[in-house]
Amino acid sequence: MAQLASVASIAATGIGLYTQVKQQKAQAQLATQQVATHNQAQEAQLMAQRVQSDQQRRSALARTIAAARARAGASGVGSSGGSADAIAIGLQRDAAEAQGTDDVIYQTKLAAGRRSLLDDSGNLTPYLRAAGSFGSSMRNLLS
């Protein structure tokens, strides 16, 4: 009869271990889903900011080029060709460099928002903890 009690307690420990691991898996999966949702929202916000910044840069560039051409035309130099085109090309080059810098910043922000591959959630940690508690339970039963 005492042997049946030991077997029953071992079975109960095994069931408890299984339940604990299953709960930890469910919690890890929920946390992963929450992080993914958060990352998607953050990426959408960054993309909206990037589009807005790009539109502002383009409109500012167009206004600046138009103003430079108007000044050149008003001074009698001519609004197209020569100096006016050189100014426009220089402004476009500066805008392209600024856009490249913004692209690098955008990619960095996206990468910073992602979960690290070294994060320990979702790996063997719950199993190792459960195995440790199972081992101590078995020692207690056998002693």
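Start at 1 with the first residue, then count along the sequence.
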Q) If you measure from CD on Gln40 to CE on Met47, what distance do you get to the nearest 0.5 Å? A) 14.0 Å
Q. Shortest non-hydrogen contact from Asp103 to Arg50?
A. OD1-NH2, 2.7 Å
Q. Between Ala95 and Arg57, which heavy-atom pair has the shortest distance, and what is it?
A. O-CD, 3.6 Å
Q. Nearest 0.5 Å, what's the CG-CD distance between Asp102 and Gln49?
A. 11.0 Å
Q.
Could you work out, with side-chain contact (heavy atoms from CB on, under 4.5 Å) as the rule, every residue matching Thr64, not counting sequence neighbours?
A. Leu91
Q: List the steps and the verdict of side chain to side chain contact (heavy atoms under 4.5 Å, CB included) for Leu30 and Gln33.
A: CA-CA 5 Å; Leu30 179 63; Gln33 289 173 349; 4.2 Å; yes
Q.
Nearest 0.5 Å, please: how far is CD1 in Ile105 from CG in Leu46?
A. 11.5 Å
Q: Drop me the distance from Gln92's CD to Asp94's CG, to the nearest 0.5 angstrom.
A: 10.0 Å
